[in-house]
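Structure first, then comments.
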Number of protein chains: 2
Amino acid sequence: MASTRERIVTATAELFRRNGYTGTGLKQIVSRAEAPFGSLYHFFPGGKKQLGTEVIREAGLPYAALFDIYIASADDPVTGIEDAFAGAAETLVETDYADACPIATVALEVASTDDGLRRATAEVFEAWLDKGTEVYAAFGLSRRDARALAIATVTSLEGAFVLSRSLRSTEPLEAAGRAVAAQAGNLLPNR
Amino acid sequence: MASTRERIVTATAELFRRNGYTGTGLKQIVSRAEAPFGSLYHFFPGGKKQLGTEVIREAGLPYAALFDIYIASADDPVTGIEDAFAGAAETLVETDYADACPIATVALEVASTDDGLRRATAEVFEAWLDKGTEVYAAFGLSRRDARALAIATVTSLEGAFVLSRSLRSTEPLEAAGRAVAAQAGNLLPNR
DNA sequence: CTCTCACTAGAGCGATCTATCTAGTGATGC
DNA sequence: GCATCACTAGATAGATCGCTCTAGTGAGAG
């Protein structure tokens, strides 16, 4: 069994995904984590905000690796992008349209209400964009084109998650995947 | 002065944008609306859920008209799309990165927690996609291409809002606008 | 064996949440 | 002039919120 601190972080991340920041209670977190309430304030003396910032980072940053898994290791970015969006759609359906982006809900909630939490989400998104830029540049794209494609990848994925979860349909994810793949194909005409 | 019911709906819509559904309290709503608390339950006997569903619809549906304002009335979809994303970026900066999509925050919050509210957000997104499909089809695109472009427009805009609000930067909106405009240009080679 | 301290355990505080309830007001129809 | 009813007005209930507080436990150091 994972450590108490790890169980608290994991439980919080799961609840943030589905219920958001304000929709998740501390009692709910320790209950799901099977942790004593006192331990929460032992590990996170700054309370919900400190727990929130650390969960955003710890749950969000690992997702940058998906650029390696899906795209850097693919034969070309176009099929890599198609696979990535298809994989996201599959996960979404398997989890009954619940598991999409680990931080998007929280990011929108806190963007105008808590600058500390907002900065944590910004760090994660910036890390994803940096990773995407690096991966696309390795395929020969200019720094400028690589960053534009990285932004298009992340924004299209995030927006498609919003619509797919709301509509309970994978159509937006599929359409967004095709659009980003086409954009990558246009930026890489020589393959 | 607008009617009490209208003031409640307007105040709720403004608070939902910035604070989300769970982050907005009923006391906060009537205070901002300068309405008596009892009036809230007079006009919305179903409580917060009924108010929420009606606000989602009443605040969300009018945005479909932006497809007319920006794109249908433009010389061609490409410049219309560019103008639409630039206009969104301008509004975002003017409101200190607060006013973006009226229903996205709520949509993510309720997608897995309240099916009634989720359906309300789905109706609004579907209405936007229908309007976008119609407007793009009027420029000669096939029904299939028009819907794909409408989905790309809405998903890119929604995702760019997430990143732009989090990063407090218009870069994602600008990059997303260029990407969707380019996609429109590819689908409409003959102009 | 004892001291220390990280951690466990949960009761309880003040504030706030949604919702209900009663009472009062004022325009309209008869 | 009176009855009706849509609406105003806000106190209050009951639950839950984030957070603080005290007490207890148990492994490792000396």
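Below, read A as the first sequence line, B as the second, and so on, with proteins coming before strands; counting in each chain starts at 1.
Separating the CD atom of E34(B) from the C1' atom of dT8(D) is a distance of 15 Å, rounded to the nearest angstrom. As rounded to whole Å, 11 Å separates atom C1' of dC7(C) from atom CD1 of I8(A). Rounded to an integer number of Å, the gap from CZ of F43(A) to P of dA9(C) is 11 Å. Atom P of nucleotide dG10(C) and atom NE2 of H42(A) are separated by 17 Å, given to the nearest angstrom. R5(A) places its CZ atom 12 Å from the P atom of dT8(C), with the value rounded to the nearest Å.
Remark: F85(A) pairs with no residue by the ring-ring contact (aromatic ring centres under 6.0 Å, His included) rule, at least two apart or across chains. The ring-ring contact (aromatic ring centres under 6.0 Å, His included) search around F161(A) returns none, not counting sequence neighbours. The salt bridge (charged side-chain N to carboxylate O under 4.0 Å, His left out) search around R17(B) returns none, not counting sequence neighbours. For E174(A), there are no salt bridge (charged side-chain N to carboxylate O under 4.0 Å, His left out) partners at least two apart in sequence or on another chain. In terms of the salt bridge (charged side-chain N to carboxylate O under 4.0 Å, His left out) criterion, residue partners of R118(B) (sequence neighbours excluded) are, by chain and number, D115(B). Partners of S164(A) according to the side chain to side chain contact (heavy atoms under 4.5 Å, CB included) rule, which considers only residues two or more places apart in sequence or in another chain, are L92(A), P172(A), L173(A). Here A98(A) pairs with R18(A), T95(A), S112(B) under the side chain to side chain contact (heavy atoms under 4.5 Å, CB included) rule; sequence neighbours left out.
For dT8(C), one of the phosphate oxygens OP1 or OP2 lies less than 4.0 angstrom from a side-chain nitrogen or oxygen of T4(A). The side chain of S39(B) contributes an N or O atom lying less than 4.0 Å from OP1 or OP2 of dT8(D).
For the segment residues 47-55 of chain B, no residue has any heavy atom less than 4.0 angstrom from an atom of DNA chain D. In the region residues 13-32 of chain B, proximity to DNA chain C at under 4.0 angstrom, judged on heavy atoms, holds for T24(B), G25(B), L26(B), K27(B).
Every pair tested for side chain to side chain donor-acceptor pair (under 3.5 Å) that includes a residue from residues 37-47 of chain A fails, sequence neighbours excluded, so the list is empty. Each ring-ring contact (aromatic ring centres under 6.0 Å, His included) pair with one or both residues in residues 103-135 of chain A, not counting sequence neighbours, appears once here: F125(A)-W128(A).
Salt bridge absent: E54(B) and R57(B) never bring a charged side-chain N and a carboxylate O closer than 4.0 Å.
Across S73(B) and I69(B), no two heavy atoms sit closer than the pair OG-O, 2.6 Å.
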Show the distances under 3.5 angstrom between N or O atoms of the protein and N or O atoms of nucleotides 20-27 of chain D.
none

